[in-house]
Amino acid sequence: MQLYALKLVTVVGETVVMEDIAKEGLKLGASGYTLSEVVGQGSRSARNVIVTGASRTTKCEFVVPTDVAEKILTYVSHTYFEHYAVIAWVADVHVMRGAAYVAG
Amino acid sequence: MQLYALKLVTVVGETVVMEDIAKEGLKLGASGYTLSEVVGQGSRSARNVIVTGASRTTKCEFVVPTDVAEKILTYVSHTYFEHYAVIAWVADVHVMRGAAYVAG
Amino acid sequence: MQLYALKLVTVVGETVVMEDIAKEGLKLGASGYTLSEVVGQGSRSARNVIVTGASRTTKCEFVVPTDVAEKILTYVSHTYFEHYAVIAWVADVHVMRGAAYVAG
Amino acid sequence: MTTMPCLVLAGHIPALPAVVSAEQLSRILQSLERNLLTPIPLCFLLGIICTRIHGGIKIPKELYLSIAIFLLMSIGFIGGHELAHEYQMHGVATIWKPALVTLFLGCVTPITSFLVLRYLGGLSVADSAGIAAHYGSTSAVTYAVANSFVEQTQHPANSFLPTLVTILECPGIAIALVLGAALSARERAARAAAVGQPVRESKLGEALYEVVTGQSIMLMAGLLVIGFVSTLFMDPKGFQPFFDFFQSKGMLFRGCLCIFLLEMGLVAGERLSDLVRVGPFLVAFGILMPLLHGFFGVYLGHLAGLNLGGCTVLGAIVASASYIAAPPAVRLTLPEANPTLSITAALAITFPFNIAFGIPIYFEMAKWIGAV
Amino acid sequence: MTTMPCLVLAGHIPALPAVVSAEQLSRILQSLERNLLTPIPLCFLLGIICTRIHGGIKIPKELYLSIAIFLLMSIGFIGGHELAHEYQMHGVATIWKPALVTLFLGCVTPITSFLVLRYLGGLSVADSAGIAAHYGSTSAVTYAVANSFVEQTQHPANSFLPTLVTILECPGIAIALVLGAALSARERAARAAAVGQPVRESKLGEALYEVVTGQSIMLMAGLLVIGFVSTLFMDPKGFQPFFDFFQSKGMLFRGCLCIFLLEMGLVAGERLSDLVRVGPFLVAFGILMPLLHGFFGVYLGHLAGLNLGGCTVLGAIVASASYIAAPPAVRLTLPEANPTLSITAALAITFPFNIAFGIPIYFEMAKWIGAV
Amino acid sequence: MTTMPCLVLAGHIPALPAVVSAEQLSRILQSLERNLLTPIPLCFLLGIICTRIHGGIKIPKELYLSIAIFLLMSIGFIGGHELAHEYQMHGVATIWKPALVTLFLGCVTPITSFLVLRYLGGLSVADSAGIAAHYGSTSAVTYAVANSFVEQTQHPANSFLPTLVTILECPGIAIALVLGAALSARERAARAAAVGQPVRESKLGEALYEVVTGQSIMLMAGLLVIGFVSTLFMDPKGFQPFFDFFQSKGMLFRGCLCIFLLEMGLVAGERLSDLVRVGPFLVAFGILMPLLHGFFGVYLGHLAGLNLGGCTVLGAIVASASYIAAPPAVRLTLPEANPTLSITAALAITFPFNIAFGIPIYFEMAKWIGAV
Ligand SMILES: Nc1ncnc2c1ncn2[C@@H]1O[C@H](COP(=O)(O)O)[C@@H](O)[C@H]1O
Ligand SMILES: Nc1ncnc2c1ncn2[C@@H]1O[C@H](COP(=O)(O)O)[C@@H](O)[C@H]1O
Ligand SMILES: Nc1ncnc2c1ncn2[C@@H]1O[C@H](COP(=O)(O)O)[C@@H](O)[C@H]1O
Ligand code: NA
Ligand code: NA
Ligand code: NA
C-alpha cells in the first residue's frame, strides 16, 4: 500500500472568517478542504461574534504537503490571530492516493 | 498511565457511501467508528452527489491497530477511489484503555 | 514560523457527560476546547443513553501540553470508563501561537 | 407501603361481578377501535412498520424537537387560559384537591415501581431506581393523546389538567433518584475502596435541579402563567390569534402530534428488538404497572372530583412513563443502571400500550367507577 | 420500442390544422401569465435570482426536509381521504384504468429516455441509464404545483391522483437501473480484470429496496392508508383538524410550498452554471422529453377517463423528473454515471420548465384533446 | 450635523408644560401594562428568566432560523399586498414622502450614534463605528412586535411600513462602516508598518454587498414584490391561502413571534452578565439613543403624513438596533471593534427596552405630537 507523508492542518475559529480561510487555503496550494460546525471555548472566545442563532465556531481541515501547510499557517496567523478567535495546529498523516494532494 | 499505540484512520467522502464504509470497517476488525457531517471541497467534488438539501460529505474515523488500518485503507481505495469523491488518511495516536480496541 | 509541540487529546462519548468533561478539562489546565456532534458506534454503545431525538455522541478536543493531556486522560478514564461509553486518544501536534496554550 | 393504596381504595369500589362483563368488554373493544383507527395512533404504527422494514422515513431531529417545544408550550398556554376561566368562576375551590391527589400519586408511583422491580423482579438497586424514576414521572405526549381522545368522545377533561401534568413531572424522578442514590451509596463506596479510587462525587443535586428547571417544566409552567395572565389582561380579540395558534383542539396541535407520533414510532420500532434482551418480567411490568397506576389515577381523580374526561386523562398521565426528562437525570446520578432497560420499557412497551389500549381502558375504568 | 407509443396514439388525435393556432397560442400565453404571476413560481424565481447575485438567503436543511415531509404526508393523507369518498361512491370502477395507465407510463418513460439519450445523444450506458432513472420516476413537488394550478383554474383533478403519484415513483427507477446494470456489467468486468481487482459487487438489489421503502413512498402510501381509514371510521368533527392541517388547498400546504420552491430555486440557481458543462443536447432533452412524456400522460389519462385537471396533473407528473429518490439509487448502482448530468437536467432544466411553462401547456394539451 | 434634526423640529412641538403631565404618565403606564401583559413580551421574559436560573429550554437553531425566514417573508408579502391596494388607490402620492424621510433617518442615525459614542463616550473609532452600524440599521422583529402592538390598539399602521423597514435596513450600516474604515485606515497602516506586515486588504466592499444582498433584504424586498404582483394578477380566491399563511395578524405570525421572542430572551439573558463589562455609559446609550431616534422617527413620520400607528412603528424601527445584519458586516470590516459591546447594547439593552417600554412610549409620543 502506497502512502504519502503529508500534513493535516487544522484551523478552528470564528465562523465569520472560516470560509475565507478555506478559500485562501486552496489558493495557497491545498487541493481541498473539509469544514465542520463545532462549538468551542478558548482564551478569547469572549470576543467571538455571537450572532444570534448562527453557529459560532467552525473547524477547517486541510491535507497538504509541508510547504503548503507552512503557507497556510503563516497566512492564518498574520491575517487573523490579532483580532479573531482562531487556533491552528498541524499533525503528521499518511494519505492514500497521496500524489493527488501534492501539486494542487 | 497505560497508553496503546494505535492508528487513527480518517475517511472523508460522499455521504451516500460512508455508512457502508463504516459498516465494512467493523467487519475488517474495527471495534467502533465515529461519523460526523462535514462540508467539503476537493479535486473531484464536482462529481459529488448533491441531493437537494441532503448533507453532502461525511467524515468517518476509526481507531484501530495497524493491520486493521491497512485493511480499511485498502478496502476504501479499491472500492471507492475510482468513482467516488473520497479521501483517506492515517495518523499515529495513543489510546487509553487501548487493549479494548485491538481485537474487535 | 514558530511552532510549539503540544498534544491533541480527543474524547468521544455519550453526550450526557461531555460537557462535564470539557469543563473539567479547563480546570485541569486546558486553555480551551472544541466540541462537535457526531454519531458513533462502539463496543458498549448498546449502553448509550438514547434520549429520543437527542444527539447521542459528542467529540471533545483539547490542544494541551503533555502534562495536562495526561491529567485529562486520567480523569476521563477514572471517572467515566467504568459506566459510560467513552473513548479517548492523544496525538502529537504542532501549534501556532502555541505559547498561549501552555499555561492556561 | 405497597398495601397502602389498596387500603385507600377499600370499600368504595362497586362489587366486581365477574371482573369485566361481556357488555363492558364489547364497549372496550368499540372504544379501542374508535381510538386505534385515528391518525395519531396510526402514525405511530406507520413509524414502527417503517423501522421494522428498514424504510427510509427520517424525521430531522430539529423538527422533532421543535414539535416537542410547540406541544409543551401549547399544553401550558391553553392550560393557563382555561385555568383563568376556572379561577374566575370557582377560585381555587375545584383545583386544590386534584392537585394534592396528583402530588400524592407522584410520590407513591415511584415507590410502588421500585418495590415491584427490586423485590418481584429482582433487579439491582440502581436499575430498579432508574426505571422507577421513569414510571414515577409522566409523558407529555401521552397527556396530549389522552386529551385528544376524551375531546373526541365529547367528554373534555377539566380545564386544569395541564397544571396536574406539571405537578406530576418532578416528584417521581426526585424520589426514585434519592432512593437509588441512598441505597447504592454503600455499594459504591465499597467498590471504590476495592479499586483504590476516590468515590465519584454524586451529581444528585445537580441532576434534580436540572429536572426541576428542565425544558418540560419551564415551558409548561412558563406558558401556563403566560396563558393565565394574558387571558386576564388582554382583550379577547387580541388574544384570539395566540389562542388559535396554541389551541389543543386545533389543526396545528393535532397535525404536529401526528408527526411527533410518527417519530416516536420510528424510535420505538428500533427498540422492539431490545424486548428480548429486557426479558419477560420487564415486558409484563411495562403493561401491568401502567394499568395499576392508571387505576390509582382514575380512582383518586374521581374522589377528588374530576369529571369523566379528567379521570381518564389523570389515569393516563399517572400510568405513563417519562422518556425525556428522566433518562439524562438517571444517567447522571445512577450510571451503573442500564439505560436500555428503562428506555425500552418506557418507550417500546408502556408508551405504545397506553396510546393504543391504555387510554380507552382508563376511560372505561372511569365510567365504571362512576365518573361523569 | 420508441415507435410503440406513436402507434398507440394513432387515429385518436384531432387533425392538426397548423399544429398550434393563433388563438391557442394566445390562450397558452394567458395561461402562462396566470401561472407565472403567482407566489409559487415567483418564489422559485426569487431563489434563482438570489443565487445568481450571491444573495444571502439560506434555508436551513432541516426546514427544507421538514417541509418535504409535511408535503408528502399531506399529499398522501388528503389523497386517502378523497379516495375514500371516491371508493364509497364508485368502488374501484373509476380507478383501475388510470392506475394501469400510470404503471404503463412508469415502464415506458425510462425506456424512451434511455433510447433517446444513448442513441440520439450518444451518452455512455451508465449516464443514459442514470438520467433515464430520473425521468422515469416523478417529482412530488411538481405534482403539488400542478395540483395547485388546476385547483386555481377551477378544474380540480380526480381525487385519486395522489395514488397515481405513488404508483409512478418506483417502476421507472427500477427499470432504468436494471437496464443500466445489465448493459454495463460486461464493461465493468473487463475493466476490473484489466486492473486486476475483483469486480465490485452490485448494490442493485439494495438500491431498489431503498427506493421502494424510501421516504417518499412510505410517507405518501402510509398516509394514504391513514387518510383512507380515518375517513371511513372517524366522525367528521374529530377528523376536521387533521383535514385542516393537511388540506392541500389550505394555507399550510400552499405556504410551505412557497418556502420549498424558494429553496428549490436557490439550488437550481447554483446548477445553472453547469448548463454549459452538460451541453446543448441535454438542455434540449430536458425540455423536449417532458413535453413528449407530458403528452403521453395527458393523452393516456384522457383515454383512461381522467377529467381535465386529472389529465393535466398526470401529464405533469409523467413529464417530471425525480431529484430526490433517484440520485442516491443511481449513485450506488451506477457509480460511473456522472451525477452532474442527471441532477442538472432534472433540477435546473426540467423542473423549472415544468413549473413555469410545462403545466400550463399540459393543461392546454388536455383541453385540446377534449378532456373536461 | 447633530444640531440639524433639532433645527428641523423647531417650532412644531406643542409647548412642553412639565415635559410629561401626570395624566400622560398614567396613560403611559396603562399602555405599558397593556403591552407587557401579552404573550410576546412575556415569552421574552420567560427566556430571560430561564437563562438566569440555568433552566433547560433549548430552541434548536434551525427552528429559530426558520421562524426568522417566515417572519421576514411574511412582513414582505403582506407589505406587498397592502402596498398594491395603496397603490391602486393613491398611486405613489402617499408613499414617497415617508420613503424619503426613512432614507434620511437611515443616514442620520448612524452619524448621531457615532458622534455620541466617540465624543461623549470616548470609545475608539472602530468601536464607535461598529456600534453605530447596529443603531443605524433596524430590527425586523422589533418591527413585528410594534406592528402587533398598534394592531392591538386598533390603530393599524399605514400599509407601506414594510417598505420602510426595507429602506432602513442598509444605509445605516453602510455609512457607519465607511466612516469607520476611513477613520481607522491611517491607524491600521501605521500599526502594520510597525510590525512589518502588509496592510490587510479591506473587506469593506464585500461586506457592504453582503449587507445589501443579505437574507433580510432579499426576503423582505423579494416577497414584497411577490405580494404586490400576485395581488394585482391573481383572483382573490386563489390568493386567500397565501394571505392566510403569511397574514401578520394571523395565528402563525403571532405564534411564531412568541417562540422567536422566547429564544431572543434566552440569548439576551446570557448577555445580561456582560452588562457590567460594557459599563454604565453604554447602558445609558442603549436606552437614551433609541428614545431620541424614536422621537425623530415619530416626528418626521408625522410630518410625512403617517397615521398614529405608522408614526409609532416608524419610531420603533428607527429606534431599534440591528443584531442580525450588522454583526457579521462589522466583524469583517472593523475586526478591532469589540463585538461584545455592540451585541450586548443592541440585544440585551435596546431590544428589550423597545419591546417592553419603547413601543408604548413611541405610541404616546405619536399621540402627543398629534398623529391620528
Ligand atoms: N486549547 C484548546 N483546545 C482545543 N480547542 C481550542 C483550544 N483553544 C481554543 N480552541 C478553539 O479555538 C476557538 C478560538 O479560540 P481562542 O482564539 O483561544 O478564543 C475556540 O472557540 C475553540 O473552539
Ligand atoms: N486536501 C484536502 N484536505 C482536506 N480535505 C479534503 C482534501 N481533498 C479532499 N478533501 C475532502 O474529501 C472530499 C472528497 O474529495 P475529492 O475526492 O478530492 O473530491 C471533499 O469533499 C473534502 O471534504
Ligand atoms: N474503534 C473506534 N474508532 C472510532 N471511534 C470509536 C471506536 N470505538 C468507539 N468509538 C466512539 O466512541 C463511542 C463510545 O464507544 P464505546 O465506549 O466503545 O461504546 C462510540 O459511540 C464511537 O463514537
Ligand atoms: Na407515571
Ligand atoms: Na417522469
Ligand atoms: Na435604528
Side-chain angles (χ1 to χ4, degrees), chain D residues 30-67 70 147-154 156 244-245 247-263 265-266 269, chain E residues 60-70 72-74 76-78 80-81 169 206-207 209-247 250-253 256 324-325 328-329:
Chain D
Q30 266 177 33
S31 229
L32 276 181
E33 187 198 284
R34 245 198 347 249
N35 179 44
L36 284 177
L37 300 178
T38 59
I40 292 172
L42 287 177
C43 280
F44 186 75
L45 187 65
L46 175 62
I48 291 186
I49 292 173
C50 182
T51 301
R52 299 319 294 173
I53 66 168
H54 300 285
I57 302 178
K58 273 199 195 112
I59 309 288
K61 195 180 70 187
E62 286 76 13
L63 175 58
Y64 172 91
L65 295 173
S66 302
I67 293 180
F70 170 70
N147 202 44
S148 296
F149 176 84
V150 296
E151 277 171 0
Q152 272 169 32
T153 61
Q154 315 301 338
D244 290 343
F245 184 74
Q247 162 68 306
S248 64
K249 288 180 211 170
M251 65 176 195
L252 287 183
F253 193 86
R254 293 279 159 91
C256 285
L257 216 46
C258 285
I259 303 178
F260 199 87
L261 270 274
L262 177 58
E263 164 71 9
L266 293 171
Chain E
K61 194 180 71 185
E62 287 76 13
L63 175 58
Y64 171 88
L65 295 174
S66 303
I67 292 181
I69 288 167
F70 170 70
L72 291 170
M73 290 179 80
S74 183
F77 187 81
I78 296 300
H81 171 64
E169 179 97 14
E206 257 174 69
Y209 186 80
E210 269 175 32
V211 168
V212 176
T213 61
Q215 172 137 310
S216 310
I217 292 288
M218 291 298 298
L219 284 179
M220 277 198 296
L223 270 284
L224 204 139
V225 172
I226 293 176
F228 190 92
V229 169
S230 6
T231 303
L232 296 185
F233 289 91
M234 279 181 85
D235 74 312
K237 213 172 140 233
F239 187 77
Q240 194 60 40
F242 299 104
F243 181 77
D244 290 345
F245 184 73
F246 287 123
Q247 161 68 305
M251 66 178 194
L252 288 183
F253 193 85
C256 285
I324 292 184

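In the text below, chain A, chain B and the rest are named by the order of the sequence lines, each starting its count at 1.
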Notebook entry, point to check: What are the two closest non-hydrogen atoms of E:P241 and D:M251, and how far apart are they?
Noted result: O-CB, 3.3 Å

Checklist line | Least distance between heavy atoms, E:S66 atom then D:P60 atom | finding: OG-CG, 4.0 Å

Do [X] and [Y] touch side chain to side chain, with heavy atoms closer than 4.5 Å?
X	Y	value
D:L63	E:L65	no
D:I40	E:F242	yes
E:K237	D:Q154	yes
D:K249	E:Q240	no
D:K61	E:E62	no
D:T38	E:V229	no
D:L262	E:M73	yes

Next item on the list: Sort E:L72 into side chain, backbone, both or neither according to what part of it lies under 4.5 angstrom from a heavy atom of chain D.
Entry: neither

Checklist line | Segment of E:F243 engaging chain D (4.5 angstrom heavy-atom cut-off) | finding: neither

What's the separation between atom [atom1] in [X] and atom [atom2] in [Y], rounded to the nearest 0.5 Å?
X	Y	atom1	atom2	answer
D:I259	E:F70	CD1	CZ	7.0 Å
D:L37	E:S230	CG	OG	8.0 Å
D:C258	E:F246	SG	CZ	5.0 Å
E:F245	D:C256	CZ	SG	4.5 Å

Check: Should E:L252 and D:L252 be marked as a side chain to side chain contact (heavy atoms under 4.5 Å, CB included) after you check the CA-CA gap, both sets of side-chain angles, and the distance that decides it?
Finding: CA-CA 10 Å; E:L252 288 183; D:L252 287 183; 3.9 Å; yes

Item checked: Residue among D:Q152, D:H54, D:E151 with most heavy-atom pairs under 4.5 Å to chain E -> D:Q152

Solution key, residues 44-52 of chain D side-chain donor-acceptor pairs under 3.5 Å, sequence neighbours excluded:
| from | atom 1 | to | atom 2 | distance (Å) |
| --- | --- | --- | --- | --- |
| D:T51 | OG1 | D:G47 | O | 3.2 |
| D:T51 | OG1 | D:L266 | O | 2.9 |
| D:R52 | NH1 | D:G269 | O | 2.7 |

Show me the donor-acceptor pairs, under 3.5 Å and distance only, between side chains in residues 211-228 of chain E and residues at least two apart or in other chains.
| from | atom 1 | to | atom 2 | distance (Å) |
| --- | --- | --- | --- | --- |
| E:T213 | OG1 | E:Y209 | O | 2.8 |
| E:Q215 | OE1 | D:K58 | N | 2.6 |

